[in-house]
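Single-structure report; data block below.
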Amino acid sequence: VQLQASGGGLVQDGGSLRLSCAASGGFSRYTMGWFRQAPGKEREFIASINWHFGDTVYVDSVKGRFTLSRDSAKNTVYLQMNSLKPEDTAVYYCAAGYQRVGVPDLNNWPYWGQGTQVTVSS
């Protein structure tokens, strides 16, 4: 599985961005996850979607503001981020794992894309 993340950028407090994660290489049986890593902090799990079943998981800090979707024709998962806050500033990574439901443990995610920077200005 190869993953390509894109869509990051600079946005003002309250703004929106949509991140994309393009997947190739037999991804349909995987769960796709999004993580982020702020400066000086550990990489943290924020959301996941099961490609086949569509099950989604969101951590409390993004619930109600971030939404996952998938486009099978484009082999792409999207993370729509609304009502962005300065504390959302981080490098965002997409990942793929075999579990049906996304879990925070990085060891459960064998495939990673490169990061994309999201900066929210106050």
Can you name the salt bridge (Lys or Arg N to Asp or Glu O under 4.0 Å) partners of E87, sequence neighbours left out? none
For Y58, check ring-ring contact (aromatic ring centres under 6.0 Å, His included) against everything at least two apart and list the hits. none
Just so I know, are the side chains of E44 and Q37 near enough to count as touching, which here means a heavy-atom distance under 4.5 Å? no
Starting from Y78, can I reach M81 by hopping between I/L/V/M/F/W/Y residues whose side chains sit under 4.5 Å apart? no
In terms of heavy-atom contacts, M32 and A96 come closest through SD-CB, 3.8 Å
Given side chains that start at C-beta, do those of R43 and L106 come closer than 4.5 Å, heavy atoms only? yes
Between Y93 and L3, is there a side-chain heavy-atom distance shorter than 4.5 Å? no
Mind checking whether Y98 and P110 have side chains closer than 4.5 Å, heavy atoms only? yes
Could you give me the CA-CA distance, side-chain angles and deciding distance for D55 and R100, then say whether side chain to side chain contact (heavy atoms under 4.5 Å, CB included) is met? CA-CA 8 Å; D55 303 349; R100 172 167 175 170; 2.7 Å; yes
Any carboxylate oxygen within less than 4.0 angstrom of a Lys/Arg side-chain nitrogen, looking at K85 and D13? no
Can you check whether D88 reaches R36 side chain to side chain, under 4.5 Å on heavy atoms? yes
Do V59 and F66 make a side-chain contact, defined as non-hydrogen atoms from C-beta onward lying under 4.5 Å apart? no
Using modelled atom types only, decide if a donor and an acceptor are shared between the side chain of T31 and the backbone of Q99 within a distance under 3.5 Å. yes
May I ask you to test the T76-R70 pair for a side-chain heavy-atom distance under 4.5 Å? no
Are V62 and V57 co-members of a hydrophobic cluster defined by side-chain heavy atoms under 4.5 Å apart? yes
Below 4.5 Å, heavy atoms only, C-beta onward: do W112 and Q2 meet side chain to side chain? no
Check for me whether the distance between the ring centres of F45 and F35 falls short of 6.0 Å. yes
